[in-house]
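Report on the structure given below.
Letters A, B, ... mirror the listed sequences (proteins, then strands); counts begin at 1.
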Amino acid sequence: MNVLKLLGIVSMVFYLGFSGTPVPVTEGYDIGDVATDFSLINIDGNKVSLSDFMEAKGFLLIFTCNTCPYAVKYEDRIIALDKKYKSKGVPVIAINPNNPDKQPGDSFAKMKSRAAAKGFTFPYLLDEGQKVYPEYGATRTPHVYLLEKTPEGNIVRYIGAIDDNYQNESLVKEKFVENAVDAMLAGNDIGVTKTRAIGCRIKV
Amino acid sequence: MKYLLLSVGFLLIFTACGNKAKEDKTAEVVDTAYTQPVETTADQVKFPVYDFEGLQPLLNQEDGKTYIINFWATWCKPCLEEMPYFEEVNAERKSEGVEVILVSLDMRSMWKTRLEPYVEKKQLKSKVVILDDPDQNAWIPKIDANWDGAIPATVIYNQNNRKFYGHGFTLDELNEAVDVFVN
């Protein structure tokens with residue numbers, strides 16, 4: 001009983017200690033966490049969930065939008081990722097996390113026209129009410145989460161950028177996302193599991 | 001040619017949206033981003049252009065002054081919202097040894113078309129430099145271990161103290177943050 005009490009006090013002290021300092025980016029998922037499923041509206045008007053993809057081995061969940069110049073720079077590369085990995089069981093699911101009231105260029109109507117203009121081959125979902133991106137811990141666009149489907153759920157395997165050169169695809173030295181998906185599909189350890197990139201802070 | 005087609009496509013979209021599209025500045029911003037693919041080189045732009053290594057001395061000056069290093073871009077709306085506060089602190093607190101350095105992360109295609117016009121129009125007095133280093137995963141953690149790369153973001157430092165702020169500021173918040181360094 002005393003030990004339990006002591007434990008309680010110790011954990012209380014820890015809790016207070018940690019909650020007293022601001023926690024900048026440690027919220028949301030880390031590598032190995034089980035990612036939540038969702039039901040979000042797609043640009044075709046239908047709701048989409050991860051559980052809809054019975055055959056999938058995993059997902060490239062990409063928080064992206066119309067208006068962020070970095071997201072725009074990566075549009076063609078996101079389409080290419082979907083083309084390359086959908087047939088291997090890892091489709092791209094794009095989610096626009098921005099509040100369209102704050103960023104009118106990311107409205108549902110504008111999402112539709114952008115997807116049509118670029119010929120998106122993947123679902124482009126609106127995080128209506130902005131409930132999903134905070135659970136994942138996404139902070140910017142574009143922000144990639146690679147998930148692996150397992151009997152225990154969809155496990156987060158990679159978080160971060162698509163590659164190491166937003167400016168010029170031909171100068172890319174490391175294709176972070178492709179390396180991660182290839183390793184995951186081959187059953188190997190993913191070398192680089194977390195990367196960072198400049199991006200537009202998600203508009204709340 | 002690809003870009004011409006894109007611009008024509010956008011013109012059609014914007015025409016279809018009518019007046020609403022005209023009010024929508026964000027969409028226009030994106031339009032500029034891909035209809036102007038011509039990239040500026042460093043010698044054509046007014047501001048110093050650094051890679052991360054070149055920027056580093058500005059992040060580590062030990063001359064008794066307090067430096068506010070603000071990472072921003074003209075396409076970042078919340079960055080522009082807080083810009084007047086950095087300008088005010090730079091002007092009002094100069095006598096306390098406070099200096100603002102605005103590190104622009106604008107892309108090359110935007111240096112001439114957006115960054116220079118913005119700095120001119122707003123008559124920015126703070127020092128503006130450009131950080132042009134695409135290998136962001138390599139340098140972001142060197143600015144701060146907790147920085148995820150989203151902007152706005154700011155570092156305040158002097159020879160005794162250094163702090164990273166992964167968020168925007170109000171004028172009061174910025175002054176309070178600076179107080180810790182100068183008092």
Shortest non-hydrogen contact from A:Lys203 toward B:Pro78: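 Between these two residues, the closest heavy atoms are CE-CD, 3.9 Å.
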Closest heavy-atom pair and its distance - A:Pro69, B:Trp75: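 Heavy atoms only, the tightest pair is CG-CG, 3.3 Å.
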Segment of A:Phe176 engaging chain B (4.5 angstrom heavy-atom cut-off):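 A:Phe176 touches chain B through side-chain heavy atoms alone.
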Chain B contact via A:Ala161 - which portion, at a heavy-atom distance below 4.5 Å: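 Neither the backbone nor the side chain of A:Ala161 comes within 4.5 Å of chain B.
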Verdict with reasoning, B:Met107 to A:Lys73, per side-chain contact (heavy atoms from CB on, under 4.5 Å): CA-CA 10 Å; B:Met107 297 167 178; A:Lys73 281 272 186 192; 3.6 Å; yes
Residues in residues 121-139 of chain B that sit under 4.5 Å from chain A, counting heavy atoms only: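 Residues of residues 121-139 of chain B touching chain A at under 4.5 Å: B:Asp132, B:Pro134, B:Asp135, B:Gln136, B:Asn137, B:Trp139.
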In terms of heavy-atom contacts, does [atom1] of [X] have more than 12 from other residues, nucleotides or ligands at under 6.0 Å?
{"X": "B:Asp63", "atom1": "CG", "result": "yes"}
{"X": "A:Lys86", "atom1": "NZ", "result": "yes"}
{"X": "A:Lys57", "atom1": "NZ", "result": "no"}

Top contributor to chain A interface from B:Cys76, B:Ala73, B:Gly149 [non-hydrogen pairs under 4.5 Å]: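 That would be B:Gly149.
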Chain B interface, residue from A:Val172, A:Asp164, A:Ile198, A:Leu171 that has the most non-hydrogen pairs under 4.5 Å: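 That would be A:Ile198.
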Between NZ on residue B:Lys77 and OG1 on residue A:Thr67, distance to nearest 0.5 Å: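 The NZ atom of B:Lys77 sits 8.0 Å away from the OG1 atom of A:Thr67.
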From CG (B:Asp148) to CZ (A:Arg201), nearest 0.5 Å: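 That separation rounds to 5.5 Å.
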B:Pro141 backbone acceptor or donor facing A:Arg196 side chain under 3.5 Å: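 The answer is no, because no donor-acceptor pair under 3.5 Å joins these two groups.
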